[in-house]
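Data first, discussion second: the structure below is written as structure tokens.
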Amino acid sequence: MGIGSCFILQSAAKSPTKPDTQTITMFRRYLATAAKSAAGPTIEAADIVIIGGGPAGLSLASAVKTSPVLKDLKCTLVEGGRLVESLEKFHQSPPEFIDKRVVSITPASMDFFKQIGSWDYVKKERTETYDNIHTYDGVSGAKMEFDSPELATMIENINIQSSLYQRIKHLNNENPETPLTILDNTKVVDITEDPQNEWPVLKLDNGNSIRTRLLVGCDGYNSPARKFAKIESRGWAYNRWGNVATCKYKDNEFRFPTGWQRFLPTGTLAFLPLPNNWCSLVWAVPPEISAIVGKLSDEQFTYMLNAAAKLTPDELSYLYEIADKEPENLIEEIKWRLGIFNKTLTTVEQKEDFPLEIDYIVPNSRAKFPLKLSNADSYVEERVALVGDAAHTTNPLAGQGLNMGQADVKSLVETLERSRKRGLDIGTKIALEPYWAERAIPNHVMLGIVDKIHKIYSTDFAPIVWARSFGVNVLNSLPFVKDFMVGEISHKGK
Ligand SMILES: Cc1cc2nc3c(=O)[nH]c(=O)nc-3n(C[C@H](O)[C@H](O)[C@H](O)COP(=O)(O)OP(=O)(O)OC[C@H]3O[C@@H](n4cnc5c(N)ncnc54)[C@H](O)[C@@H]3O)c2cc1C
């Protein structure tokens with residue numbers, strides 16, 4: 001039963017008899033609120049307030065409003081950025097080039113988007129599904145291939161968000177009595193506790209406030225909801241920046257869409273497939289290298305990428321020095337070195353062990369993000385739940401952050417549905433605990449695995465290089481172990 005309907009039913013049931021003190025208090029409170037709304041800032045009440053219109057927040061909103069059990073709840077989403085305008089613009093007239101913020105989603109996440117009805121609104125021509133990831137060790141050259149039909153799909157973050165927003169608009173038209181309210185371009189500046197019932201009260205930068213039965217923090221790494229709930233988040237920075245860009249492969253030969261990942265001691269270089277021979281770059285490097293490559297022109301940067309895909313770590317160190325001290329000589333130096341290297345690739349098989357070279361990158365498509373691991377001590381507290389990056393962040397080398405967030409959303413919605421069917425107050429910690437119980441271990445395990453991969457590959461210490469290359473070669477020859485790993489990475493059937 002939603003807030004609004006709850007109030008009406010109680011009043012109606014008690015109207016023939018003398019109102020009790022609780023009803024009088026509620027009526028006074030209602031009058032106080034109504035008076036404020038006429039004269040100044042208002043305090044609204046909601047069943048669920050979601051902070052954050054990122055992929056996690058929008059999919060939670062969409063899932064709640066799709067659920068037959070939850071859709072009548074009074075639900076508000078608060079987003080600090082100017083989101084709606086950009087999502088509408090993307091939907092009406094998408095830009096020519098693929099955006100720099102692209103993620104790899106698992107079949108499980110795609111199934112979830114289908115289940116909540118947003119996949120119908122995705123611009124499919126801007127996505128690329130691929131069956132193969134080719135990883136190779138930048139020090140030893142040991143390689144491993146992961147093959148599975150429809151292993152993952154590349155999609156722009158904005159394509160995901162725009163499809164979710166269109167779905168929400170559709171649901172609001174279908175359900176005009178209890179639509180999802182989106183407060184766009186509205187920042188939560190403070191969260192306090194209502195002294196009457198201990199519900200969170202969110203103060204907004206437009207002067208208004210909202211009181212809520214359940215606050216869901218989908219508000220990213222710096223989560224104000226997590227701080228309000230006094231939930232500790234633990235982890236560490238990787239001392240790496242993830243450099244991203246939209247790149248075009250040289251159109252000199254046909255290749256099936258493949259994800260390429262080269263593990264270098266400085267960080268992972270990944271080219272992930274996009275439609276029409278484009279690809280998305282994620283290149284993790286320490287801050288000092290990021291600063292050097294960040295100053296290069298797009299053309300110099302493109303040459304540096306091609307070098308990073310093929311040359312040895314020692315050669316790359318030398319090239320970073322040139323990039324820093326004499327960038328005008330960088331392109332000639334790389335051309336010469338790559339010329340020698342490419343001559344060693346004489347057979348088709350040898351050539352296909354490396355990605356095609358990058359021709360150019362989309363102007364202004366370069367950006368960088370600090371990489372970190374974090375995990376909250378709990379994802380629930382009294383009247384608060386945390387979802388997505390608010391709960392955990394991971395190194396993007398395995399492409400799992402957003403996917404973990406979608407699994408959180410699915411689990412939280414199922415938990416809320418069960419609580420509601422049992423007549424529980426959905427905001428209580430006891431009602432929320434099954435969500436935490438379900439997500440804690442899978443997220444913890446995934447964060448641990450990704451962290452270990454990062455650490456194992458961040459060294460050129462010979463015994464470790466030998467051990468990891470030996471391990472990779474053994475794994476590569478054991479198809480059933482690889483199939484298990486593919487299942488875990490892609491969350492197939494989950
Ligand atoms: C380089 C890189 C590559 C990645 N690649 C992949 C990949 O291939 N696959 C994958 O699964 N994941 C990937 N990720 C991770 C993925 O991008 C994130 O996990 C995901 O975008 C997080 O979504 P979210 O909705 O939880 O948080 P966010 O996207 O951070 O959204 C939080 C929202 O909350 C809003 N907000 C915050 N504070 C307030 C406030 N006070 N008031 C109002 N609003 C507020 C913000 O404006 C923002 O819109 C990658 C990450 C990086 C950096």
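This structure is a prediction, so every number in the text was calculated from the model and none was measured. Positions are given from 1 along the sequence. Order of listing sets the numbers, starting from 1, for every ligand and every atom in it.
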heavy-atom search around atom 36 (N) of ligand 1 in the protein gives D219 CB, 4.2 Å
Specify whether Y379 and W436 have parallel, tilted or perpendicular ring planes, treating 30° as the upper limit for parallel and 60° as the lower limit for perpendicular.
-> perpendicular
Nearest-neighbour protein heavy atom for atom 29 (O) of ligand 1, which is reported as residue plus atom name and distance = P55 CD, 3.6 Å
Do N132 and E145 get their side chains close enough for a donor-acceptor pair, meaning under 3.5 Å?
-> yes
Would you please say whether a donor-acceptor pair under 3.5 Å links the side chains of D408 and N443?
-> yes
Return yes or no for this condition: an N or O of L402 is under 3.5 Å from an N or O of ligand 1.
-> yes
Using distance alone, determine whether N403 and ligand 1 share an N or O pair under 3.5 Å.
-> yes
Region of L83 engaging ligand 1 - heavy atom pairs below 4.0 Å = neither
Nearest protein heavy-atom contact for atom 42 (N) of ligand 1: which residue, which atom, what distance?
-> V188 N, 3.0 Å
Heavy-atom contacts under 4.0 Å between P396 and ligand 1: side chain, backbone, both, or neither?
-> side chain
Scan side-chain atoms only and decide if S411 and E438 contain a donor-acceptor pair under the 3.5 Å cut-off.
-> yes
Kindly confirm or rule out a cation-pi arrangement of K372 over Y238, judged by NZ or CZ under 6.0 Å from the six-membered ring centre and within 45° of its axis?
-> no
Could you tell me the residue and atom name of the protein heavy atom closest to atom 32 (C) of ligand 1, and the distance to it rounded to 0.1 Å?
-> C218 O, 3.4 Å
Check whether any N or O atom of S104, backbone or side chain, sits under 3.5 Å from an N or O atom of ligand 1, and answer yes or no.
-> yes
Thinking salt bridges, do K250 and E357 make one under a 4.0 Å N-O criterion?
-> yes
Apply ring-ring contact (aromatic ring centres under 6.0 Å, His included) to F369 and list each qualifying residue two or more places apart in sequence or on a separate chain.
-> none
So, are E193 and R211 salt-bridged, with charged N and O less than 4.0 Å apart?
-> no
Structural part of A56 in contact with ligand 1, heavy atom criterion under 4.0 angstrom = both
Is it the side chain (CB and beyond), the backbone, both or neither of A390 that lies under 4.0 Å from ligand 1, heavy atoms counted?
-> neither
What atoms of ligand 1 come within less than 4.0 Å of a heavy atom belonging to G388?
-> 26 (O)
Taking 4.0 angstrom as the limit, do E85 and K89 come out as a salt bridge?
-> no
Measure the distance from atom 52 (C) of ligand 1 to every protein heavy atom, then report the residue, atom name and distance (to 0.1 Å) of the closest one.
-> R101 NH2, 3.7 Å
Any N or O of G52 closer than 3.5 Å to N or O of ligand 1 | no
Does atom NZ of K187 have more than 12 heavy-atom neighbours, drawn from other residues, nucleotides or ligands, at distances under 6.0 Å?
-> no
Is the closest heavy-atom distance from G405 to ligand 1 below 4.0 Å?
-> no
Out of G53, G220, G57, the nearest non-hydrogen contact to atom 28 (P) of ligand 1 is supplied by G220
Proximity of Y136 and F354 rings by center, below 6.0 Å = yes
min-distance protein heavy atom vs atom 47 (O) of ligand 1 -> E79 OE2, 2.7 Å
Do ligand 1 and F369 have nitrogen or oxygen atoms that lie under 3.5 Å from each other?
-> no
Nearest to atom 14 (N) of ligand 1, what protein heavy atom do you find, and at what distance?
-> V103 CG1, 4.1 Å
Considering the heavy atoms of V244, write down every atom of ligand 1 situated less than 4.0 Å from one of them.
-> 1 (C)
Please name all residues satisfying salt bridge (Lys or Arg N to Asp or Glu O under 4.0 Å) with R167, sequence neighbours left out, ordered by chain then number.
-> none
With backbone taken as N, CA, C and O and side chain as the heavy atoms from C-beta onward, which portion of Q400 lies under 4.0 Å from ligand 1: side chain, backbone, both, or neither?
-> backbone
Any Lys/Arg nitrogen of E381 or K230 sitting under 4.0 Å from an Asp/Glu carboxylate oxygen of the other?
-> no
What are the atoms of ligand 1, with element, lying closer than 4.0 Å to any heavy atom of G399?
-> 7 (C), 8 (O), 9 (N), 10 (C), 11 (O)
Could you check atom 19 (O) of ligand 1 against the protein and tell me its nearest heavy-atom contact, residue, atom and distance included?
-> D389 OD1, 2.7 Å
Pair S109-N403, side-chain donor/acceptor within less than 3.5 Å | yes
For ligand 1, note which part of N222 has a heavy atom under 4.0 Å away: side chain, backbone, both or neither.
-> neither
Mind checking whether E128 and W278 have side chains closer than 4.5 Å, heavy atoms only?
-> no
Can you list the atoms of ligand 1 that are under 4.0 Å from a heavy atom of T186?
-> 43 (C)
